Amino acid sequence: MAVRVQEAASLRLDEIYRYTRDRWGAEQADRYITDLFEAFDRIEDHGVASRPIPAEFGVEGFYFRQGHHFVYWRRLSDGDVGIVTILHERMHQTDRFRDDIGG
């Protein structure tokens, strides 16, 4: 199993890093991003408490909370894990999710 960070999630990771670095410094930004990637690696062995994405989002998959963010992921056709997007807890989840997946 591989974890593949999809385009919207990659853009969100860049935003998260820049915001955290500018607000709290590079060391904190590095730590936060590392924690996110470690959480991605724990998906396969159920090391994160994932829940199904609500039906109103219009897509099958799962999400979990990591720090101040919600990580949305799904199983890809080849069995890999696709990180769909990562949204801050204060964002309107449904609207931003749809924006990120082009829905």
Side-chain angles (χ1 to χ4, degrees):
M1 187 266 338
V3 175
R4 291 195 276 163
V5 177
Q6 298 179 305
E7 185 177 357
S10 180
L11 294 171
R12 294 288 183 196
L13 284 166
D14 290 344
E15 290 172 359
I16 293 165
Y17 182 85
R18 283 191 308 272
Y19 178 85
T20 305
R21 181 199 61 210
D22 294 348
R23 183 108 186 198
W24 292 287
E27 185 177 323
Q28 179 64 28
D30 290 344
R31 188 175 319 120
Y32 198 82
I33 295 297
T34 297
D35 289 349
L36 282 166
F37 275 91
E38 288 173 353
F40 301 166
D41 290 339
R42 292 193 308 270
I43 291 171
E44 188 67 26
D45 63 3
H46 305 287
V48 292
S50 292
R51 296 181 178 174
I53 294 174
E56 63 265 21
F57 282 61
V59 67
E60 289 189 31
F62 303 91
Y63 75 99
F64 63 90
R65 184 183 187 110
Q66 177 64 35
H68 294 285
H69 288 84
F70 291 101
V71 175
Y72 293 89
W73 66 275
R74 64 187 173 130
R75 186 69 62 182
L76 302 175
S77 61
D78 62 3
D80 288 348
V81 169
I83 305 300
V84 177
T85 193
I86 305 156
L87 301 177
H88 191 271
E89 64 192 0
R90 292 185 180 172
M91 290 178 172
H92 188 279
Q93 300 297 300
T94 309
D95 290 347
R96 288 295 179 102
F97 183 88
R98 287 184 181 138
D99 288 346
D100 282 1
I101 65 165

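Heavy-atom basis, side chains included; hydrogens, waters and symmetry copies ignored. These numbers were taken from a predicted model, which means no experiment stands behind them.
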Discussion item. Test side chain to side chain contact (heavy atoms under 4.5 Å, CB included) on Phe40 and Val81; report intermediate values, then the result.
Written reply: CA-CA 9 Å; Phe40 301 166; Val81 169; over 6 Å; no

Item to complete: Report yes if the side chains of Phe37 and Val3 come closer than 4.5 Å at any heavy-atom pair, otherwise no.
Response: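 No, too far: nothing below the 4.5 Å cut-off.
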
Discussion item. With a 4.5 Å cut-off on side-chain heavy atoms, are His88 and His68 touching?
Written reply: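 They are in side-chain contact.
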
Worksheet entry | Heavy atoms from other residues, nucleotides or ligands near CD of Gln28 exceed 12 (cutoff 6.0 Å) |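 Yes, enclosed.
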
What are the two closest heavy atoms between [X] and [Y], and how far apart are they?
X: Ala29; Y: Thr20; result: CA-CG2, 3.5 Å
X: Gln66; Y: Tyr32; result: O-OH, 3.4 Å
X: Val5; Y: Leu13; result: CG1-CD1, 3.9 Å
X: Arg74; Y: Glu60; result: CB-O, 3.8 Å

Output the distance between atom [atom1] ([X]) and atom [atom2] ([Y]), rounded to the nearest 0.5 Å.
X: Asp80; Y: Asp78; atom1: CG; atom2: CG; result: 4.0 Å
X: Ile43; Y: Ile83; atom1: CD1; atom2: CD1; result: 4.0 Å
X: Asp30; Y: Asp35; atom1: CG; atom2: CG; result: 11.0 Å
X: Ile86; Y: Ile16; atom1: CD1; atom2: CD1; result: 5.0 Å

Discussion item. Run the side chain to side chain donor-acceptor pair (under 3.5 Å) test against Glu38 and tell me which residues pass, sequence neighbours left out.
Written reply: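 Listed in chain order: nothing, the list is empty.
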
Practice prompt. Can you spot which of Trp73, Tyr72, Tyr63 makes a side chain to side chain donor-acceptor pair (under 3.5 Å) with Ser50?
Written response: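 Checked Trp73, Tyr72, Tyr63 against Ser50; only one passes side chain to side chain donor-acceptor pair (under 3.5 Å): Trp73.
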
Discussion item. Between Arg21 and Gly25 (side chain of the first, backbone of the second, donor and acceptor by atom type, cut-off under 3.5 Å), is there such a pair?
Written reply: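 Checking the backbone N and O of Gly25 against the side chain of Arg21, no donor-acceptor pair under 3.5 Å is found.
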
Worksheet entry | Note: Arg12-Glu15 ion pair, threshold 4.0 Å (strictly below) |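 Salt bridge flag = yes for Glu15 with Arg12.
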
